[in-house]
Amino acid sequence: NSSVFNSSWSSVSTTSSFCSPVDWNKDNILSYYKFNLKIAHLNINSLWGKLDELKYLLDLDLFDIFFLAETKLCSSVNNYLLSHPKYKIYRRDRKKGAGGLLVYIRISDNFSVIRRKKIELENIETICLEVKNGNNSWFNISAFSLSPNLINPTKFIQDLSRYISI
């Protein structure tokens, strides 16, 4: 329901009218950058209780690639519950009640995405993607989730340095 997003932003204004952040994004970002790849990252701090809002955002086609961190899902959660007809999903769960990454990739003829599991870090929640556009130019994009209780920052920097050199 769009009222979830609109109600708390009624006092935000643009030049002459009131609009929600979603409407502002559509009017100012998506219309100007309509041929660019749109990538977002959100620390959702548990997906439970937020699936309806997530599916609403996906229905709006705001993002081509949408990373979610701290999903707090475990492997017993079926992908069907998280699926969306316009998107393919990849996920990396930690353990019940903690961490987790999920990425939604819009199904499109304008670009393709391949998950690169071989270069994902073992000790850190990571999802690595190779993205190619229609003219075969490509780039890698990754999301990381780091729990300060599970790994020290020095070790993370060392692992990240190794990842970047791959």
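The first residue in the sequence is number 1, and the count goes up from there.
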Inset, instruction - For Lys117, look at atom NZ and say whether over 12 heavy atoms of other residues, nucleotides or ligands are found less than 6.0 Å away. - result: no

Inset, instruction - Of all the heavy-atom pairs spanning Leu58 and Lys86, show the shortest one and how long it is. - result: O-CD, 4.4 Å

Inset, instruction - Identify the heavy atoms of Leu129 and Arg115 that sit nearest to each other, and give their distance. - result: CD2-CA, 3.9 Å

Legend entry - Distance-only side-chain donor-acceptor flag, Asn133 / Asn135, under 3.5 Å: yes

Inset, instruction - For the pair Tyr87 and Tyr104, name the ring-plane relationship: parallel under 30°, tilted 30 to 60°, perpendicular over 60°. - result: perpendicular

Legend entry - Contacts of type ring-ring contact (aromatic ring centres under 6.0 Å, His included), residue Phe66, not counting sequence neighbours: Phe63

Inset, instruction - Spell out, as yes or no, whether a donor-acceptor pair under 3.5 Å connects the side chain of Arg106 to the backbone of Leu62. - result: no

Inset, instruction - Please lay out, stage by stage, how Lys72 and Asn45 fare under the test side-chain contact (heavy atoms from CB on, under 4.5 Å). - result: CA-CA 7 Å; Lys72 299 185 179 173; Asn45 191 21; 2.7 Å; yes

Inset, instruction - Return yes if some donor-acceptor pair links the side-chain N/O of Lys88 with the main-chain N/O of Ile107 below 3.5 Å, else return no. - result: no

Inset, instruction - Calculate, to the nearest 0.5 Å, the distance between atoms CD1 and CD1 belonging to Ile141 and Ile127 respectively. - result: 11.5 Å

Inset, instruction - Kindly work out whether a path of hydrophobic side-chain contacts (I/L/V/M/F/W/Y, heavy atoms less than 4.5 Å apart) joins Tyr56 to Leu81. - result: yes

Inset, instruction - Please answer whether the main-chain N or O of Ile114 pairs with a side-chain N or O of Glu130 as donor and acceptor at a distance below 3.5 Å. - result: no

Inset, instruction - Return yes if some donor-acceptor pair links the side-chain N/O of Asp64 with the main-chain N/O of Ile39 below 3.5 Å, else return no. - result: no

Legend entry - Phe139 atom CZ: more than 12 heavy-atom contacts under 6.0 Å: yes

Legend entry - side-chain contact (heavy atoms from CB on, under 4.5 Å) between Phe144 and Leu101, intermediate numbers included: CA-CA 8 Å; Phe144 301 90; Leu101 292 168; 5.9 Å; no

Inset, instruction - Indicate yes or no for a side-chain donor-acceptor contact from Glu70 to the backbone of Asn43 under 3.5 Å, with no hydrogens or angles considered. - result: no

Inset, instruction - Give the minimum heavy-atom separation between Arg91 and Leu102, together with the two atoms involved. - result: CB-CD1, 3.7 Å

